[in-house]
Amino acid sequence: MSYRSRKRKECVSDSRLPHFPRPGRVRRLVQRFALEGLCLLLILSAQACHKPAESASAKTVTLTLIDQAWSSKEYQRRMNEELALFTRQTGIRVEFLPAPETAAEQLATWRKLLEGGARVPDVYGIDVIWPGILADNLLDLRAYIPEQEIQAHFPQLIANNTVNGRLVSLPANLNEGALFYRVDLLRKYGYRAPPKRWEELEAMARRIQSGERASGNRDFWGFVWEGAPSEALTCNALEWQVSEGGGTILDENGRVTVNNPKTIRAWDRAARWVGSISPPGVVAYKEWDAGNMWQAGNAAFLRSWASEYIADRAPGCLIRDRFDMAPLPSGAAGMAATLGGYGYGVSRHSFHPREAAMLVRFLCSREAQVRRCGHTTDAPSISQLYDEQVVLASNPHFQRLLEVFRKGAVLRPARGAAGKMYPDVSHAYWEAVCAVLTRQKTAKQAAGELQGELERMLNTPSVRVAKTYPAPTP
């Protein structure tokens, strides 16, 4: 799953990013569990006080919203402004509830609340890979939102948020994997354009890394990315294997196809990067770790989400005028970029489904997305906004993002055969890839074992030899 795009408060200027998790992890774990307990306590308290409105007037209604990016103070500030505007327009009050920090904890909390029949929250932030997992406890928004508003969003996103014919989440933005590169360093070493293929990236990263270290920057690396065992690694590895024709873990019939030569070759190649063009500690990097090293000026290339773009343009960032964004390199089957983003859905247990749907319409509307484009990294989910000069003026990278979306966006197998089992599928997948990157297993061994594990998990028929799968086009 992709992390909600957001601004960094400041750019890290320390050139020595540690290769392993930062100090204070134990303290953060304690804080995390305390926050999760506080979150549930606040929700249960709100539920005790949350009763059906005695009047039909919307002015008597108070909704509760729980969202993934609650921990970002900048996001809280902006969301409070949005919700205040919604209240002025409708008379409906909205309370913003805290959420756990990590995506896995968030999903677990969402499921516990929805499957337990909690009356609050009324509205949930829904990650792009959650609709199939949460659908049973979310309302069909087509009963509340005009069809023309639904059709304004990219059809691929609407299809992703539709489960068994029910639209359970309305898109609010889109995000995707992208390659960030140092324009100044490419020029310095004689390159006129970013790499088009993975082999080119390896060669360019190696040469630039060698040259920069010879010039005195011994902390410099060619390529940084998110290699920690997490959903971020699933996204990265999926891009590697799909670009080589290795498929998306499950085929269109729900059969497991991960054990094939194309996938094995892609995993082997990534394992070669660790300790050569990528830091040995990249296997512990999450989004912020890779992004901090990149922003400190210690990498030639970065794989991140497209939402990284505006964060890197922030005042005071060491590389703000020295980088650009491009599609990820292609493999034998083409280019592949994991699709991210989020939307909003309404709990079927809500006392106020009509008012909650009004809030979803508001948060996902054209007007709301235009406002966000002026000061956040959120790319719109409404296709027509990519032709609006007022949007493109402050977000010139949106055109490249749209190109990537149309040519190589890849959906994780969170629907179909995986369905509610997707978190387990992804966990098994990233653990297998991690074992390859840390050289605990060969790619061939890991792919074979993962094939069997997923077949048992999903109770699917065995696929002995997988064909080559072209990179999908949305």
### Task
Before accepting this row, confirm whether a basic side-chain N of the pair E81/R371 lies closer than 4.0 Å to the acidic partner's carboxylate O.
no
### Task
Calculate, to the nearest 0.5 Å, the distance between atoms NZ and OG1 belonging to K444 and T263 respectively.
14.0 Å
### Query
Taking all non-hydrogen atoms of both residues, which atom of L402 and which atom of F154 are closest, and how far apart?
CD1-CZ, 3.6 Å
### Message
Are Y386 and F398 an aromatic pair, judged by ring center distance below 6.0 Å?
### Response
yes
### Query
Using 30° and 60° as the class limits, which term best fits the ring planes of Y75 and F96: parallel, tilted or perpendicular?
tilted
### Query
At their closest point, which heavy atom of C364 faces which heavy atom of Y344, and how far apart are they?
SG-CD1, 3.8 Å
### Query
Taking all non-hydrogen atoms of both residues, which atom of P280 and which atom of V274 are closest, and how far apart?
O-CG1, 3.8 Å
### Query
With the threshold set at 4.0 Å, does a side-chain nitrogen-carboxylate oxygen contact exist between R269 and E244?
yes
### Query
Could E455 and R255 be called an ion pair, given the rule that one side-chain N must be under 4.0 Å from one carboxylate O?
no
### Task
Decide if the gap between the ring center of W273 and the ring center of W240 is smaller than 6.0 angstrom.
yes
### Task
Using a strict 4.0 Å threshold on nitrogen-to-oxygen distance, state whether K420 and D136 make a salt bridge.
yes
#### Entry: A237 versus V433, closest heavy-atom pair with distance
CB-CG2, 3.8 Å
#### Entry: Parallel, tilted or perpendicular, as decided by the 30° and 60° cut-offs, for the rings of F180 and Y309
tilted
### Task
Taking all non-hydrogen atoms of both residues into account, name the closest pair between A99 and W110 and its distance.
CB-CH2, 3.7 Å
### Query
Is the shortest side-chain N to carboxylate O distance from D140 to R348 below 4.0 Å?
no
### Message
Assess the residue pair T64 and D122 against the criterion (side chain to side chain donor-acceptor pair (under 3.5 Å)); give the C-alpha distance rounded to whole Å, side-chain angles, the decisive distance to 0.1 Å, and a yes or no.
### Response
CA-CA 5 Å; T64 53; D122 301 275; 3.0 Å; yes
#### Entry: Distance-minimising heavy-atom pair for G281 and Y285
O-CD1, 3.1 Å
#### Entry: Nearest-0.5 Å distance that lies between atom CE in M457 and atom CE in M421
5.5 Å
### Query
Just by distance, with hydrogens left out, do W221 and S278 show a side-chain donor and acceptor under 3.5 Å apart?
no
### Task
Calculate, to the nearest 0.5 Å, the distance between atoms CG and OG belonging to L63 and S350 respectively.
6.5 Å
